[in-house]
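Following: one structure in structure tokens, then a few remarks.
Below, chain A is the first sequence line, B the second, and so on; all start at residue 1. Being a predicted model, the structure only gives us computed values, none of them experimental. Values reported hereafter were calculated over all heavy atoms of this structure, with side chains retained and with hydrogens, waters and symmetry mates removed.
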Number of protein chains: 2
Amino acid sequence: MDEAALVKTALFGDQVSGGEPPPPRPDPYARNCPTRLLLDRIGDRWTVLVLGLVCERPRRFNSLRRDIEGLTQKMLSQTLKAMERDGLIARTVLPTAPVSVEYAVTPLGRTLCDTLEGLQRWARDHIGDVQRAQRRYDETR
Amino acid sequence: MDEAALVKTALFGDQVSGGEPPPPRPDPYARNCPTRLLLDRIGDRWTVLVLGLVCERPRRFNSLRRDIEGLTQKMLSQTLKAMERDGLIARTVLPTAPVSVEYAVTPLGRTLCDTLEGLQRWARDHIGDVQRAQRRYDETR
DNA sequence: CAGCATCCAGAGCGATACTG
DNA sequence: CAGTATCGCTCTGGATGCTG
């Protein structure tokens, strides 16, 4: 299937490469569009929340675990690993007595965090509207 | 019955209910924090993309279907319904020959779209950095 | 054209137990 | 403290076929 190949290979060789004059379609909504790639990474339930906390100040594993309600150890572990892989946070092992690990935001992570702040503000300001809309919709069923 | 579309939103019936005095903690990361509620709604694979297109100009069903690569009819249908419920888009049936339906952004939806634009810009500008970080990480395994 | 119904594979995630 | 490993369920979402 060409689609499989497309997803795997064209990732960033994207529309920047190629000698094509005008791309047949601009494809802002192609499988490999940056927005989609980003959403695949931060669209999960925990990444944004963890990033928010780590952005405030470096954090330890169990500190994060405690502060995010409902976040299990497994998911935190998994989330942190993925974020480190994405270059959003940096992991540092401190040579203390029972070993402690610190997670700090990277410069790249911080730029994302700044951007996400707009989203968080929108959520605070408008989630009420959304919920009202939902109730209204549900009533007319 | 496709119950998946209407994910039961205990949303605010959660801890907002009841007659509890003052929340012992401010809980910016509680289960019902606005950011989490928002992410639960737009964190899926399609909502943001659909919103982006509908924001440009009102769109018809199959128009959206064609322009978003890989989007199936089922998911588009599901996504549109949820977005309408959330008050982000409005659905209008036009009395044409073979019936056509238009989806237009609402004022609320537009404010969200404006906010999301920051995200899309970040994605365009930094997704390359993320991918480079991933490769670097994977190589050191 | 604009959907709905059904089937089911796989991802996501919580619960639990164990380790250095 | 900071994780890893495994099990099993739920939910997402793709494929396919049908309707007004």
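Distance A/Met83 CE to D/dG3 P: 14 Å, rounded to the nearest Å. If you measure from atom CG of B/Leu76 to atom P of D/dG13, you get 13 Å, rounded to the nearest angstrom. Protein atom CG of A/Leu39 is 16 Å distant from nucleotide atom C1' of D/dT12, rounded to whole Å. Remark: P of D/dG13 and CD1 of B/Ile68 are 13 Å apart, rounded to the nearest angstrom. In this structure, the CG atom of A/Asp44 is 12 Å from the C1' atom of C/dA11, given to the nearest Å. Taking atom CD on A/Glu102 and atom P on D/dG3, their separation rounds to 12 Å, with Å as the unit. Going from atom CZ of A/Arg45 over to atom C1' of C/dG12 covers 9 Å, rounded to whole Å. Spacing between atom CG of A/Leu71 and atom P of C/dG12 amounts to 16 Å, rounded to whole angstrom units.
Heavy-atom distances to DNA chain C give each of A/Pro98 and A/Thr72 a nearest nucleotide, and the one nearer the 5′ end belongs to A/Thr72.
Comparing C/dG14, D/dG3, C/dA2 against the side chain of B/Arg91 picks out C/dA2 as the nearest. Among the nucleotides D/dG14, C/dA2, D/dC1, the one closest to any side-chain atom of B/Trp46 is D/dG14. You'll find that the side chain of B/Val101 is closest to C/dA2, out of C/dA2, C/dA15, D/dA2.
In this structure the side chain of A/Trp46 reaches within 4.5 angstrom of the side chain of B/Arg36, judged on heavy atoms. B/Leu39 places none of its side-chain heavy atoms less than 4.5 Å from the side chain of A/Arg45. Side-chain contact between A/Val130 and B/Leu38 is absent, with no heavy atoms from C-beta onward closer than 4.5 Å. Counting heavy atoms from C-beta outward, B/Leu53 and B/Asp67 have side chains that approach closer than 4.5 Å.
Salt bridge present: B/Glu69 and A/Arg31 bring a charged side-chain N and a carboxylate O closer than 4.0 Å. Salt bridge B/Arg135/B/Asp138: absent, no basic N to carboxylate O contact under 4.0 Å.
Among pairs with a residue in residues 108-120 of chain A, those fulfilling side chain to side chain donor-acceptor pair (under 3.5 Å) read A/Thr111-B/Trp122, at least two apart in sequence or across chains.
Both B/Val54 and B/Val93 are part of a single hydrophobic cluster, where members link through side-chain heavy atoms under 4.5 Å apart.
Contact annotation: A/Tyr103 does not reach the phosphate of D/dC1 (side-chain N/O to OP1 or OP2, under 4.0 Å). At D/dA2, none of the side-chain N or O atoms of A/Arg65 fall inside 4.0 Å of OP1 or OP2 (strictly under the cut-off).
In this structure, the helix from C/dC1-D/dG20 to C/dG20-D/dC1 shows an angle of 50° between the axis at its start and the axis at its end, each fitted on 5 base pairs and rounded to 10°.
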Between protein and nucleotides 4-6 of chain D, what N or O pairs are separated by less than 3.5 Å?
unit_1	atom_1	unit_2	atom_2	d
D/dT4	OP1	A/Lys81	NZ	3.2
D/dT4	OP2	A/Ser77	OG	2.8
D/dT4	O4	A/Gln73	OE1	2.7

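Of the possible donor and acceptor atoms, one in the side chain of B/Thr140 sits under 3.5 Å from a partner among the backbone N and O of B/Tyr137.
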